[in-house]
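Every chain is numbered from 1 and lettered A, B, ... according to where its sequence line falls, protein lines coming before strand lines.
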Amino acid sequence: MPELPEVETIKSDLEKVILKKKIIKVELLDKKLIKGIKPELLIKEIEKTTVDQIIRRGKYLIFVLSNNKSLVFHLKLTGQLIYGTPDKKSRIIFCFDNGKCLNFLDQRRFAELRLTNEWNKEKGIIDMGPEPFDKSFNLEKFRCMLGSKKTKIKPLLMDQNFLAGVGNIYAQEVLFRVGIHPERPVNKLRTQEVENLYSAIKGVLLEAIKYRGSSVDAYVDTQGKKGGMEQRLKVYGRAGQSCQNCGTLLKEMKLAGRGTTYCPKCQK
DNA sequence: CGGGGCTCCTGTGCGC
DNA sequence: TGCGCACAGGAGCCCC
């Protein structure tokens with residue numbers, strides 16, 4: 001499940017290898033992943049262009065091409081971008097002028113690839129909330145965003161139109177680290193808790209980037225290697241295990257249709 | 001506006 | 001042992 005830290009890891013790895021490289025050939029082995037454009041047209045538009053810039057926005061990865069169009073990737077649950085030689089499980093292959101290629105794989109076929117003139121006007125991006133590491137996302141702004149909403153904090157943290165890049169793994173981790181129950185209504189958060197939450201969002205994401213993401217489900221980096229963050233996760237995927245703080249058994253619940261693990265004693 | 005439920009898809013893991 | 005079915009989940013969408 002690639003969230004902000006995983007996509008950021010892919011982005012910085014790819015910058016080292018495909019920036020300014022020319023796409024000489026595109027192989028579309030699974031047209032389902034292409035959205036909003038005829039597959040044949042996509043090939044025609046992007047072959048012979050170079051990748052001028054790579055941008056991450058939330059969980060989206062964007063290649064700005066030399067013809068001013070952009071490839072917009074979303075890996076969803078099981079998408080992978082692996083650089084090197086062609087892979088038999090590839091659904092789309094981008095071949096570069098250095099003889100290497102970028103393989104777009106996806107077990108569950110939820111991932112998407114779009115081609116657009118203005119990536120920032122794309123559905124899913126245009127209304128997206130602030131980037132957690134943008135200067136504009138300060139504590140004051142965060143308080144303002146929370147306002148006096150009555151909604152439960154965990155689904156809100158995962159709402160991409162509220163804040164960009166946080167998904168099911170890191171929303172759970174952040175809440176554990178600040179001792180806040182996933183169902184706590186936002187307007188019941190104390191001033192200090194909001195501040196803790198703000199710091200924890202940045203802290204957890206930064207730690208996950210440092211450890212190159214969490215390899216839960218299918219996530220691997222562009223070399224096919226696993227991340228190092230999964231063993232540092234304190235609640236995600238650990239229902240039934242003992243809380244690392246207090247030893248209480250971690251509980252699992254469904255919240256807005258998503259599995260949610262928390263410590264019933266530490267998180268109030 | 002908010003929340004619930006459904007949809008897409010396929011490998012996994014469970015129960016019988 | 002093997003079959004079949006429920007389940008997981010990001011995000012858009014519909015509905016109330």
[X] [atom1] to [N] [atom2]: how many Å, rounded?
| X | N | atom1 | atom2 | value |
| --- | --- | --- | --- | --- |
| N187(A) | dG2(B) | CG | P | 12 Å |
| H74(A) | dG9(C) | NE2 | P | 15 Å |
| D127(A) | dC13(C) | CG | C1' | 14 Å |
| R108(A) | dA8(C) | CZ | P | 11 Å |
| I125(A) | dA11(C) | CD1 | P | 11 Å |
| K254(A) | dG5(B) | NZ | P | 12 Å |
| D30(A) | dT10(B) | CG | P | 8 Å |
| L77(A) | dC7(C) | CG | P | 17 Å |

Nearest to the side chain of [X], which nucleotide is it out of [options]?
| X | options | answer |
| --- | --- | --- |
| K59(A) | dG12(C), dG2(B), dG10(C) | dG10(C) |
| F110(A) | dG11(B), dG9(C), dA8(C) | dG9(C) |
| K32(A) | dG10(C), dC9(B), dG11(B) | dC9(B) |

Scan [X] against the nucleic acid and name what it touches under 4.0 Å (heavy atoms): base, sugar-phosphate only, or nothing.
| X | result |
| --- | --- |
| D106(A) | nothing |
| R109(A) | sugar-phosphate |
| G259(A) | sugar-phosphate |
| T151(A) | sugar-phosphate |

- [ ] Identify, between K152(A) and R258(A), the residue whose nearest nucleotide on DNA chain B lies closer to the 5' end.
- [x] K152(A)
Test: [X] and [Y] ion pair at under 4.0 Å:
| X | Y | value |
| --- | --- | --- |
| E131(A) | R56(A) | yes |
| R177(A) | E207(A) | yes |
| E15(A) | K11(A) | yes |
| D97(A) | K22(A) | no |

Open item on the list: Five pairs per end, C1' atoms only: what is the angle between the end axes of the helix from dG2(B)-dC16(C) to dC16(B)-dG2(C), to 10 degrees?
Closed with: 60°
Open item on the list: Taking side chain to side chain contact (heavy atoms under 4.5 Å, CB included) as the criterion, tell me which of L250(A), V174(A), L175(A) meets it with V235(A).
Closed with: L250(A)
- [ ] Report yes or no: do Y198(A) and Y170(A) belong to one cluster of Ile/Leu/Val/Met/Phe/Trp/Tyr joined by side chain heavy-atom distances under 4.5 Å?
- [x] yes
TODO: Treating Ile, Leu, Val, Met, Phe, Trp and Tyr as nodes and any side-chain heavy-atom pair under 4.5 angstrom as an edge, say whether V204(A) and F137(A) lie in one connected cluster.
DONE: yes
Open item on the list: Below 30° counts as parallel, above 60° as perpendicular, anything between as tilted: where do the rings of F96(A) and Y83(A) land?
Closed with: tilted
Open item on the list: Under 4.0 Å from OP1 or OP2 of dA11(C): is there any side-chain N or O of Q160(A) that close?
Closed with: yes
- [ ] May I ask you to evaluate whether K149(A) reaches the phosphate of dC1(B), defined as a side-chain N or O under 4.0 Å from OP1 or OP2?
- [x] no
